[in-house]
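As the structure lists them, so they are numbered: ligands from 1, and atoms in each ligand from 1. This is a predicted model, so every value here is computed, not measured.
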Amino acid sequence: MGTTTKRAATAFDSFFLPYGEEGEEHFRNHVELVVDTLADVFQEMDQPFQGKTVQDIQQELNGMLDLSEDPQSLHEVLREIKGPVLKNSLHVSHERSMAHLHCPPVLPGVLAELIISSLNQSMDSWDQSPAATYVEEAMIRYWSDLIGFSERGDGVFTSGGTQSNYMGMLLARDEFCLSKWGHIVQKDGLPGAFKKMRVLCSEEAHFSVTKSVSQLGLGEQAVVPVPVNEDHQMELDEVSRTVAQLEQEGLLPYAIVSTCGTTDYGSIDPLEGLADFCEEKGLWLHVDAAYGAGLLLSEKHIDKLAGINRADSVTLDFHKWLYQPISCGMFAVKDQKHLRLLSHHADYLNPLEDEEEGILNLVNKSVQTTRRFDALKVLLTLKVLGTRLLGSMVDQTMEVARFAAEELEHRHRFFVENPSPELSAVVFQYQSEESSDVSGLNRKIQQKLFHEGKAVIAKTSVRGETYLKFTLLNPRTTEEDVLAVIEEIEHTAKQILGGTPH
Ligand SMILES: *Cc1c(COP(=O)(O)O)cnc(C)c1O
């Protein structure tokens, strides 16, 4: 112990993190208040959504959004937000919440959030995250190894799949301009021939691919959507035919995005074949495994990812099928030299001399500056759950998805678009001769279920028609839950068709 003198108390003391016994007590009590409030809320939320209308929610919120100059106790504020905000939220941890790629978070991840924000490290420069920098590096190493990259593999945590896809498209663009023309986009902007550059992806690739390429100055016209087969995958023949045609037109295809788990169907483009093709043609291969990366820990289904190690860059999301609280994603590259295309030296943050001295400033690898210590969530989860259990959660959801698809196929009112789900999503339509507008009927079913709050399922568009979708991410969702939701859909459809008032 040094010669610390007692500080004089200030009006701000109770609002900052603890030092000394009183502070600790205060912190503990307030955390407990939050835990108690959440416990109450979850107990009262017996369905995935309370079913209030937008107007009702807005009205309830209006009552509590007024601010004043005077402080209120945390206790009082929690009581105020409990109804309007907490109970009107979507209960993503509910077993019958199965709409989007929106996961129930595991507790180690939730609790890590408290540590992350309490320590409030910033991942941009080593002097703001002296230990956290190396935790992130270790997590990058771990996932890069799982992908199957060599020791040259590298990466960085991101805010999610959109940012990771953006980074993939950025590096692909800059690497192509550099290798083809010796042109440095970072310094000189786009080269004259940029209008000829083309990226190929599945017509069912995530919209963030097109959005990124467009934001990167190449325009939406630079993205060539490749039609999919009946299993919703790009076919190699189609890809090579498209590339040949583009070349014939004098255009410059330079990258292919292979989706490993499309958002709607979980379908996987043929990875090995695309890797061979990209190698042969010298194209950048970006694999969007925002969804499919869940399989990296699955002992049963890891084979579905065969070939992912041959990608130049990979998108993975931990906040989808790896059960982390939002936000948590990663961008991985096969060869760390490509990340250098991003680095920019600011005197105050990551001066060149730091690099010369071997100081690791992760800002060099990121498109963000101030950045969260999300890697801690992943570390805590891997350690507390163990990798086997985490992998088996993913397997469990795949089994329930298969059950759901089979069950729907057996019922004559349903048509299943992907009867053998590749991952854990099932797309289907309720069909009825009594209805002249099947799309409208499915839209109404989804809305009515949502507003009654009994089940939260998604709707999507298939060949211009409205279909329904289950995205099963919660390993606690059972076959009984699925049956109950299917029956609820049938019941709801009959109510709508019969015009029964609800
Ligand atoms: C969700 C998703 C994305 C976008 O990821 P965010 O984390 O929402 O930014 C990208 N690609 C695929 C295939 C996705 O499913």
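Contact atoms of ligand 1 toward D317: 5 (O), 6 (P), 7 (O) (distance under 4.0 Å to a heavy atom of the residue). Close approach to L101 involves these atoms of ligand 1, each under 4.0 Å from a residue heavy atom: 15 (O). The ligand atoms of ligand 1 that sit less than 4.0 angstrom from a heavy atom of G261 are 13 (C). Proximity to G160 (heavy-atom distance under 4.0 Å) selects the following atoms of ligand 1: 7 (O), 9 (O). Close approach of ligand 1 to H319 (heavy-atom distance below 4.0 Å) involves ligand atoms 7 (O).
For ligand 1, none of its N or O atoms has an N or O atom of S159 under 3.5 Å away. An N or O contact shorter than 3.5 Å is missing between S208 and ligand 1 by distance. An N or O contact shorter than 3.5 Å is missing between T262 and ligand 1 by distance.
Within 6.0 Å of atom NZ in K469, more than 12 heavy atoms from other residues, nucleotides or ligands are found, so the atom counts as buried in its surroundings. R411 CZ: more than 12 foreign heavy atoms inside a 6.0 Å radius.
Within the structure, ligand 1 lacks G329 among the residues with a heavy atom less than 4.0 angstrom away. Note on ligand 1: Q163 sits outside its first shell, no heavy atom being nearer than 4.0 Å.
Distance alone, capped at 3.5 Å, places no donor-acceptor pair between the D317 side chain and the M330 backbone.
For T162, heavy-atom contacts with ligand 1 shorter than 4.0 Å involve the backbone as well as the side chain. With a 4.0 Å heavy-atom cut-off, ligand 1 is reached by no atom of T315. Counting heavy atoms under 4.0 Å from ligand 1, residue N165 touches it through the side chain alone.
For the pair R402 and E406, the salt-bridge criterion is not met [side-chain N within less than 4.0 Å of a carboxylate O]. Salt bridge R371/E136: present, at least one basic N to carboxylate O contact under 4.0 Å.
Checking E417 against H232 by side-chain atom types alone, a donor-acceptor pair falls below 3.5 Å. Counted by atom type alone, D395 and S298 present one or more donor-acceptor pairs between their side chains at under 3.5 Å.
Closest to atom 3 (C) of ligand 1, if we only count protein heavy atoms, is K320 NZ, 3.2 Å. Atom 6 (P) of ligand 1 has its closest protein heavy atom at G161 N, 3.3 Å. Atom 12 (C) of ligand 1 has its closest protein heavy atom at D288 OD2, 3.4 Å.
Ring geometry, F414 versus F428: the interplanar angle exceeds 60°, so the pair is classed perpendicular (tilted spans 30 to 60°). Ring planes of F318 and W143: perpendicular class, angle over 60° (limits at 30 and 60°). In this pair, Y467 and F415 present their aromatic rings perpendicular. The plane angle is above 60°, beyond the 30 to 60° band.
Of the candidates E204, H102, H206, H100, H206 brings a heavy atom nearest to atom 10 (C) of ligand 1.
Between I268 and Q233, the shortest heavy-atom contact is O-NE2, 3.0 Å.
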